[in-house]
Protein chains: 2
Amino acid sequence: MKRSTTEILAKLRQLMLRTQVGESSGISAYIVPSDDAHQSEYQCQHDERRSFVSGFDGSAGTAVITTDNALLWTDGRYYQQAEKQLDSNWVLMRDGLTTTPSIGAWLAKNLPKGSFVGVDPRLLSFRVWKPIETELISAECQLVPIENNLIDEVWGQDQPPQTSNKIITLKLEYSGVPIAKKWEVVRNQLKDKNADALVVSALDEIAWFLNLRGSDIDFNPVFFSYLIVTHDGLLLFVDSGKLPTDFAQHQTENNVQISVLPYASIGLEISKIVSTKESKIWIAPTSSYYLTALIPKSRRIQEVTPICVLKSIKNDVEVKGFVNSHIRDGVALCQYFAWLEDQVKKGAEVDEISGSDKLESFRASKDKYMGLSFTTISASGPNGSVIHYHPKEETNRKINDKEIYLCDSGAQYLDGTTDVTRTLHFGEPTEFQKEAYTRVLKGQLSFGATVFPAKVKGQVLDTLARKALWDVGLDYGHGTGHGVGHFLNVHEGPMGVGIRLMPDDPGLQANMFISNEPGFYQDGEFGIRVEDIVQIVPGKVAHNFAKRGALTFKTITMCPKQTKMIKKELLSDVEVKLLNDYHQDVWDTLSPILSREGDEFTLAWLKKEVQPI
Amino acid sequence: MKRSTTEILAKLRQLMLRTQVGESSGISAYIVPSDDAHQSEYQCQHDERRSFVSGFDGSAGTAVITTDNALLWTDGRYYQQAEKQLDSNWVLMRDGLTTTPSIGAWLAKNLPKGSFVGVDPRLLSFRVWKPIETELISAECQLVPIENNLIDEVWGQDQPPQTSNKIITLKLEYSGVPIAKKWEVVRNQLKDKNADALVVSALDEIAWFLNLRGSDIDFNPVFFSYLIVTHDGLLLFVDSGKLPTDFAQHQTENNVQISVLPYASIGLEISKIVSTKESKIWIAPTSSYYLTALIPKSRRIQEVTPICVLKSIKNDVEVKGFVNSHIRDGVALCQYFAWLEDQVKKGAEVDEISGSDKLESFRASKDKYMGLSFTTISASGPNGSVIHYHPKEETNRKINDKEIYLCDSGAQYLDGTTDVTRTLHFGEPTEFQKEAYTRVLKGQLSFGATVFPAKVKGQVLDTLARKALWDVGLDYGHGTGHGVGHFLNVHEGPMGVGIRLMPDDPGLQANMFISNEPGFYQDGEFGIRVEDIVQIVPGKVAHNFAKRGALTFKTITMCPKQTKMIKKELLSDVEVKLLNDYHQDVWDTLSPILSREGDEFTLAWLKKEVQPI
């Protein structure tokens with residue numbers, strides 16, 4: 001489970017000692033973010049530097065190495081996993097607890113005055129850089145960009161190369177809107193802001209804007225590139241060898257001409273625009289410090305990009321695809337859970353890994369399937385309490401009728417991306433497990449039925465999903481909802497529903513899609529999560545928030561929620577009706593398909609699972 | 001209603017034209033905040049510059065005057081009032097709407113490059129200054145401190161002088177903790193932060209820390225002063241003529257020695273500390289730009305002061321006083337409402353002003369009464385929809401049996417501060433009025449019974465109070481709860497419950513006191529608000545948020561909520577029980593006092609009002 005990092009740290013500290021900063025030699029601390037140069041949430045292996053140096057391979061976390069300390073900051077989803085993976089060289093800093101200092105505050109307190117703290121400026125967003133810089137300045141220390149990446153030097157020959165897979169075009173029947181039309185909207189916003197250019201480094205924004213998809217990062221259909229949008233040009237910085245063969249035709253169909261430049265020339269091009277144009281340049285505050293610093297402060301617009309917001313509000317074709325892909329995905333899920341229940345009851349050997357493989361095979365048989373959208377969390381018993389667990393050989397457990405089974409999974413289809421969690425018990429759950437499940441479900445039903453004023457930030461809805469758990473002193477250590485891309489990243493902004501503010505949240509709007517996923521985790525015992533994807537739709541209520549507009553959610557995930565786990569006496573009449581109506585909807589939607597496919601086995605299971613309570 | 005500002009604006013624009021900025025002459029815009037030099041929420045008349053220049057006299061708002069525009073930003077509580085008070089020279093900027101630009105953004109967009117924007121640096125907090133400065137820099141404009149206040153120059157002879165009333169000492173039987181003990185806690189926090197000094201400019205923090213009270217600002221028992229706390233001294237900057245005669249004895253009782261310096265010498269003293277000491281200086285981000293800029297950036301700790309947080313967590317003596325003062329206040333309220341109902345039924349002439357005078361007289365008869373805690377909002381019919389209305393001769397309405405009467409009032413007692421709202425109808429409310437009232441009450445009951453994890457920020461609870469209104473597309477344009485001082489300001493931080501984040505909220509903790517006040521307002525027709533003060537207390541639930549601790553609220557306001565306004569079928573069984581239990585509690589607490597006082601009239605009214613539904 002734990003990999004020794006002693007040698008890696010020793011080498012890194014030698015390099016830190018030899019690093020030149022101006023006249024001085026030696027940096028006192030080195031920050032290793034989990035980001036790649038595009039601030040992607042997930043990375044290709046080439047970019048898994050924080051995992052390499054620390055041994056902790058969760059999706060979020062930042063390592064800080066000083067002369068005599070090694071610390072890893074990560075959030076509530078990963079406390080358990082980090083405890084298991086970090087060796088004794090490391091101290092786990094539990095991010096999100098009020099007692100845990102920020103990285104900047106810790107460094108400011110623990111480093112002597114005059115210290116230099118190094119970081120690769122491509123791997124830290126401006127937004128993260130700035131507060132660390134401020135803390136360090138106040139402690140008379142300095143955050144300095146180190147252009148050559150020290151981890152890469154330590155890693156050497158063994159570091160996997162950056163992936164460069166072939167790009168594919170996404171036809172208008174799936175994307176819905178030609179590039180020219182998206183460009184027009186962006187151009188108008190550039191005009192409004194008196195800006196010459198928009199610099200885009202987020203890979204999903206580039207893929208969405210250009211109606212292209214890639215496979216450079218597992219599960220995330222994106223490709224390494226940068227994009228600059230100006231009033232008269234689209235500059236795509238990409239290894240031209242990976243462009244699709246139908247790229248010329250793609251441009252014609254999308255009514256645009258795209259200039260292709262070398263991936264590495266982005267910095268040069270920004271500098272050129274800075275020196276030849278006079279107006280402003282728009283770059284997201286989530287772009288790297290490196291790119292941002294190329295633009296003089298007075299010339300910068302640092303706001304979420306218009307592409308990021310446009311992308312989150314699905315167009316009609318994307319909406320239709322989202323709904324349809326969730327129906328196909330629901331069929332696969334039902335087939336898996338029907339099969340699994342039967343296997344467990346028969347006493348067959350199914351474990352977390354073989355289970356998730358089976359689920360993948362059901363999904364792979366579906367139309368427009370393009371792969372998984374993330375590593376399946378197939379977790380039995382105590383593994384379910386590790387929030388972002390995924391099974392490995394050494395943790396693999398049998399799926400049985402004694403423990404709760406939590407399955408959080410999703411797929412990429414040409415017409416949409418799915419993400420769904422169901423929690424099941426194939427034997428007799430304890431009273432406490434049933435209570436916890438019922439309270440999670442209450443929160444989920446209540447959240448999913450919330451009517452709210454248009455454009456409220458997602459954050460204000462978060463507590464509604466927790467209320468039923470809070471009533472008895474229970475809670476969960478993660479957010480309630482995240483945006484989902486359209487055949488794109490399974491987590492996308494700018495909106496989100498959680499205790500922490502999403503700083504770029506433009507407010508919830510119709511045709512955004514988010515997850516609805518409260519949970520409960522009993523450390524070392526079990527985990528419960530119920531997750532649907534919901535579409536934001538107009539709310540039909542008597543009043544209209546004084547013309548502001550009413551919104552609510554429509555659940556598009558199609559898969560029963562195990563009623564065996566429910567203590568009905570804890571549900572209100574409204575909640576019972578919401579659940580029964582949902583199950584009726586699932587039956588009405590999926591049963592004709594299963595019938596048509598002649599899958600009587602799954603149909604029988606589904607019939608049983610959707611019985612009203 | 002509207003006062004012409006034409007002449008004032010003309011004079012101001014002349015002064016703006018003549019203002020020197022370095023070599024240049026003339027500023028393009030002048031910002032008039034509502035703050036005084038202490039960033040008080042309410043001001044003495046001397047400091048009502050924004051009201052003087054704009055005609056709008058609400059408690060929150062900022063005026064911006066350019067060569068050809070005059071704009072006033074204010075929030076949802078004051079839209080209606082501002083519309084009524086601003087003359088045609090002014091444009092109302094509705095703060096809080098997504099379509100309303102910030103002051104900085106508006107200036108950046110509308111001023112030509114190279115413009116100077118002036119403001120009195122004493123009247124703008126650093127926190128407000130900074131984003132405006134940033135926006136202006138990005139538009140190649142500049143925010144400049146103008147030391148002489150231009151409004152004062154325009155106002156001239158007619159400007160009332162700064163008040164300088166006598167200070168009183170608050171005995172330990174009311175304050176609970178001697179200054180020496182408070183100082184010790186602050187000193188430890190200074191040590192932790194490696195700081196030499198804490199600069200305090202917030203008047204309520206100074207009053208609380210020094211166990212002193214004043215009356216320089218109506219309703220707010222504070223006195224104009226600054227305080228510097230160091231490891232070895234307490235420096236109080238105050239007009240020494242206003243010190244209480246028992247000041248020497250006060251210091252002895254509180255086991256401290258306080259050095260008194262002239263009020264105006266605060267800047268000098270900060271500069272002296274900067275130049276003679278080496279460690280940091282702590283100042284709140286809510287202190288003025290003027291004070292903050294005296295401390296070099298690298299020497300500053302800009303965080304909420306330890307005094308602000310300590311003050312919000314009431315000590316045992318303060319808690320007891322809070323509870324007791326609310327009981328006495330409840331008696332006065334019941335006496336008023338009983339009297340009022342009788343008067344209205346008799347057809348007697350009672351109007352908003354005479355009503356509030358009567359309420360004041362009941363309060364004034366109570367033990368330890370020191371005055372009102374804010375201007376009573378005594379509002380009949382459409383006046384109730386103006387959220388922070390208070391009656392004036394020209395708006396005064398008769399209180400009658402045709403309209404809803406909203407009464408939001410509070411008092412200062414030596415042992416606590418009250419703030420309570422009740423909404424009543426003395427005739428037949430409409431179905432819609434009853435539905436709105438019931439949904440407001442549902443939110444209030446549900447919020448008041450919430451169990452939550454210790455130290456969550458107040459913001460996360462806000463939506464719980466709105467949910468029942470949201471269910472049918474209704475909402476209210478203000479926060480749900482604010483802190484309340486102990487014989488101090490009726491609004492105090494650092495915590496609060498609202499849609500907007502309170503940036504300094506340290507998380508809700510036991511023995512904080514906040515208001516619980518959802519509402520609903522039908523523009524031009526009626527207003528509904530039900531407000532109690534609640535104490536944060538440990539929650540008794542089966543689990544304990546994984547050792548984090550469970551908290552809940554205890555309502556200490558003692559006054560019935562009119563059950564005639566309730567549509568019982570909209571309440572859940574739990575809500576009915578909460579209301580009935582509350583009314584039983586009010587009866588058990590107040591009836592013995594009314595009996596003892598022989599007030600059979602009020603007792604009979606109370607008996608009727610607390611009947612279970």
Side-chain angles (χ1 to χ4, degrees), chain A residues 97-98 108-109 134 137-140 192-194 280 297-302 432 435-436 446 449-457 459-464 466-467 469-475 477 498-499 501 506-507 521-523 539-546 548-550 552 572 574, chain B residues 97-99 108-109 134 137-140 192-194 280 297-302 432 435-436 446 449-457 459-464 466-467 469-475 477 499 501 506-507 521-523 539-546 548-550 552 572 574:
Chain A
L97 301 188
T98 48
K109 187 159 182 184
T134 305
I137 287 172
S138 80
E140 293 172 48
D192 279 355
K193 301 247 182 209
N194 190 25
K280 303 218 170 151
K297 197 174 167 187
S298 66
R299 299 276 300 279
R300 280 182 219 151
I301 297 170
Q302 290 187 274
F432 178 57
E435 170 163 6
S446 159
T450 306
V451 175
F452 53 93
K455 290 220 176 174
V456 294
K457 293 192 188 289
Q459 189 190 25
V460 308
L461 303 182
D462 179 74
T463 304
L464 299 175
R466 298 179 196 273
K467 176 84 174 64
L469 286 161
W470 280 12
D471 283 346
V472 291
L474 303 176
D475 196 12
I499 283 203
L501 180 71
Y521 310 91
Q522 186 77 357
D523 271 12
K540 294 191 185 78
V541 285
H543 309 281
N544 198 30
F545 294 106
R548 191 172 170 187
T552 188
S572 71
V574 173
Chain B
L97 302 188
T98 50
T99 48
K109 190 162 178 181
T134 304
I137 288 172
S138 80
E140 294 172 46
D192 280 354
K193 301 248 181 209
N194 190 26
K280 303 220 170 147
K297 197 174 167 186
S298 66
R299 298 276 300 280
R300 279 182 220 151
I301 298 171
Q302 290 187 274
F432 178 56
E435 169 163 5
S446 159
T450 306
V451 175
F452 53 93
K455 291 218 177 178
V456 293
K457 293 189 189 290
Q459 190 191 24
V460 309
L461 303 183
D462 178 73
T463 305
L464 299 175
R466 298 178 196 272
K467 176 86 175 66
L469 286 162
W470 281 11
D471 283 346
V472 291
L474 303 176
D475 196 11
I499 282 202
L501 180 72
Y521 309 90
Q522 187 78 356
D523 271 12
K540 294 192 183 80
V541 284
H543 309 281
N544 199 29
F545 294 106
R548 190 172 170 187
T552 188
S572 71
V574 173

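Reckoned from all heavy atoms, side chains included, excluding hydrogens, waters and symmetry mates. Computed from a predicted model, the values in this text were never measured in an experiment. Residue numbers start from 1 in every chain, and the chains themselves are labelled A, B, ... in the order their sequence lines are given, proteins ahead of strands.
If you measure heavy-atom distances from B:Gln459 to chain A, the contacts under 4.5 Å come from the side chain alone. Looking at A:Lys457, neither its backbone nor its side chain comes within 4.5 Å of chain B, counting heavy atoms on both sides. For a residue to count as touching a neighbouring chain, one of its non-hydrogen atoms must lie under 4.5 Å from one of that chain's; by this rule B:Asp462 does not touch chain A. There is no contact between B:Tyr521 and chain A, counting heavy-atom distances below 4.5 Å.
Closest non-hydrogen pair, B:Asp471 versus A:Val541, comes out as O-CG1, 3.2 Å. The shortest non-hydrogen separation linking A:Lys109 to B:Asp192 is NZ-O, 4.4 Å. Scanning both residues, A:His543 and B:Gly473, for their nearest heavy atoms gives CB-O, 3.5 Å.
Per-residue counts of heavy-atom pairs under 4.5 Å with chain A were compared for B:Asp475, B:Leu464, B:Thr134, B:Leu474; the largest is that of B:Leu474. Note on B:Ile137, B:Asn194, B:Ile301, B:Val472: by heavy-atom pairs under 4.5 Å with chain A, the leading option is B:Val472. Ranked by heavy-atom pairs under 4.5 Å with chain A, the first of B:Gln522, B:Lys467, B:Lys193 is B:Lys467. The most heavy-atom pairs under 4.5 Å with chain A, out of B:Lys280, B:Arg300, B:Lys455, come from B:Lys280. For chain B, the option among A:Ser298, A:Pro453, A:Ala449, A:Ser572 with the highest count of heavy-atom pairs below 4.5 Å is A:Pro453. The candidate from A:Val456, A:Leu469, A:Val451 with the greatest count of non-hydrogen atom pairs under 4.5 Å with chain B is A:Val451.
For the pair A:Thr463 (side chain) and B:Val460 (backbone), a donor-acceptor distance under 3.5 Å is present.
Between A:Phe545 and B:Trp470, the ring planes lie perpendicular to each other; the angle is over 60°, past the 30° to 60° tilted range.
Among residues two or more places apart in sequence or in another chain, the salt bridge (Lys or Arg N to Asp or Glu O under 4.0 Å) test is passed with A:Lys297 by none.
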